[in-house]
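As a basis for the values below, the full set of heavy atoms in this structure was taken, side chains included, without hydrogen atoms, waters or symmetry mates. Sequence lines set the chain letters: A, B, ... in the order given, protein chains first and strands last, and positions in each chain run from 1.
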Number of protein chains: 2
Amino acid sequence: MTSEQAQVVPKNLAEPLWGSIGFLLSKAADQVESQFATALGPHGITPREYGILTTIARRGPQSQQQIGSQIGIDRTTMVNLVDSLEESGLVERVRDAKDRRRYALTLSPAAEKLVHKTLPVVDAETHDQYLAPLTAAERDTLVDLIRRLVAHNADNAAR
Amino acid sequence: MTSEQAQVVPKNLAEPLWGSIGFLLSKAADQVESQFATALGPHGITPREYGILTTIARRGPQSQQQIGSQIGIDRTTMVNLVDSLEESGLVERVRDAKDRRRYALTLSPAAEKLVHKTLPVVDAETHDQYLAPLTAAERDTLVDLIRRLVAHNADNAAR
DNA sequence: TATTGTTATACTCTATAACTATA
DNA sequence: TATAGTTATAGAGTATAACAATA
């Protein structure tokens, strides 16, 4: 997989790049995001907005840049996303009293309910569906392997 | 990972979404592509152009749409990519004699050399570096798990 | 009528630079 | 001087519609 091609793959999977870990990761990431976006659609948010909401829920009110840096979104891109969340009535831009340059992004009651009741179910269902072909042990293994890869390559990454 | 958050993760990895397989896959895919793009840069091609070249090399001359469908690139996007490869002298647009609507994209001698001598090395080095934290057995496991996921979700995928 | 490649167009995502208000 | 948020802008990547040549 790393270098050469003489790999035995299922018939319909005998595409040229099916031995490439990069191609596989890219495909898998696209699939998960697509399915997650479809599942989130009825609730009026996108996967990235989900990331913002859950980040606030777990870490408390934070500035836009703090949130963006945790989930890999530029501060200029955060502006539009927070605009959208604010228009949806899910997030409020509250000025940080200690530093009035920044906001303390806060979840609305509707967002609290969404994050703690609805979204965990959507998240679980989507992941269960996507990971269906794997056993519980295999799922744990997969997460462990990818987490180690991402951690190891986090520094070097150009990104 | 599938649903709940009470996961034990390394300190610096205790980000809100580090238990989400979708977030991890997305991060990993970004890292690999970034590193691969950096490695390919000196050779004048991008990861997607690499995909086109290797597809022609393995399956022989094909139409732009045939190639695009195998690596997930729209036919309108293929036009620009092939333009670029043609300007670089790596690919030639030869009319298919049996169906003059389509081309039989062909590798130039320079591309043949690149694909068979240079790129396998670049590919191997990039993957070895990215997969460094995993043992050989773990690498095989990873590819197997992701391949099964991608295959299983290929049909349902909205894309 | 249908299909391949093409062009024009638009939409999303992202990033850079410059501005404002605060520090 | 530096930082958080904002705006304008531009660049990738992608997708839709319409067209010419060919089937």
In whole angstrom, give the distance that lies between atom CZ of Arg102(A) and atom C1' of dA21(C). 14 Å

Val79(B), nearest nucleotide to its side chain (from dT16(D), dT4(C), dT6(C)): dT6(C)

Separation of dT4(C) C1' from Arg95(B) CZ (nearest whole Å): 8 Å

What's the CE-P distance between Met78(B) and dT6(C), to the nearest Å? 10 Å

dC13(C) P sits how many Å from Asp30(B) CG, rounded? 14 Å

Would a hydrophobic clustering, with Ile, Leu, Val, Met, Phe, Trp and Tyr connected at side-chain separations under 4.5 Å, put Leu85(A) with Val79(A)? no

Specify the closest pair of heavy atoms between His127(B) and Ser20(A), including all atoms of both residues, with the distance to one decimal. NE2-OG, 3.7 Å

Gap between atoms CG and P, on Asn80(A) and dT6(D) respectively (whole Å): 9 Å

5'-most by nearest nucleotide on DNA chain C - Asp74(A) or Asp83(B): Asp83(B)

For the residue pair Tyr50(A) and Phe36(A), is the inter-centroid distance of their aromatic rings smaller than 6.0 Å? yes

Gln62(A) and Thr55(A): which non-hydrogen atoms are nearest, and at how many Å? NE2-O, 3.2 Å

State, without any angle test, whether Gln66(B) and Arg59(B) hold a side-chain donor-acceptor pair at a distance under 3.5 Å. no

I need a per-nucleotide contact map over nucleotides 18-23 of chain D, read 5' to 3'. Cutoff is protein heavy atoms under 4.0 Å; write B for the base, S for backbone only, - otherwise. B--BBS

Regarding Arg148(B) and Glu138(A), does a basic nitrogen lie under 4.0 Å from an acidic carboxylate oxygen? yes

Has Tyr103(B) got a side-chain N or O lying under 4.0 Å from the OP1 or OP2 atom of dT3(C)? no

Rounded distance in Å - CD1 (Ile71(A)) to P (dC13(C)): 13 Å

In this structure, how many angstroms lie between the C1' atom of dG5(D) and the CD atom of Gln62(A), rounded? 16 Å

Expressed in angstrom and rounded to an integer, what is the separation of Ile73(A) atom CD1 from dT12(C) atom P? 16 Å

Should Ile56(A) and Val115(A) count as side-chain neighbours, where that means a heavy-atom distance under 4.5 Å? no

Base, sugar-phosphate, or nothing for Arg93(B), non-hydrogen atoms under 4.0 angstrom? sugar-phosphate

Would you indicate, yes or no, if dT6(D) has its OP1 or OP2 atom less than 4.0 angstrom from a side-chain nitrogen or oxygen of Gln64(A)? yes

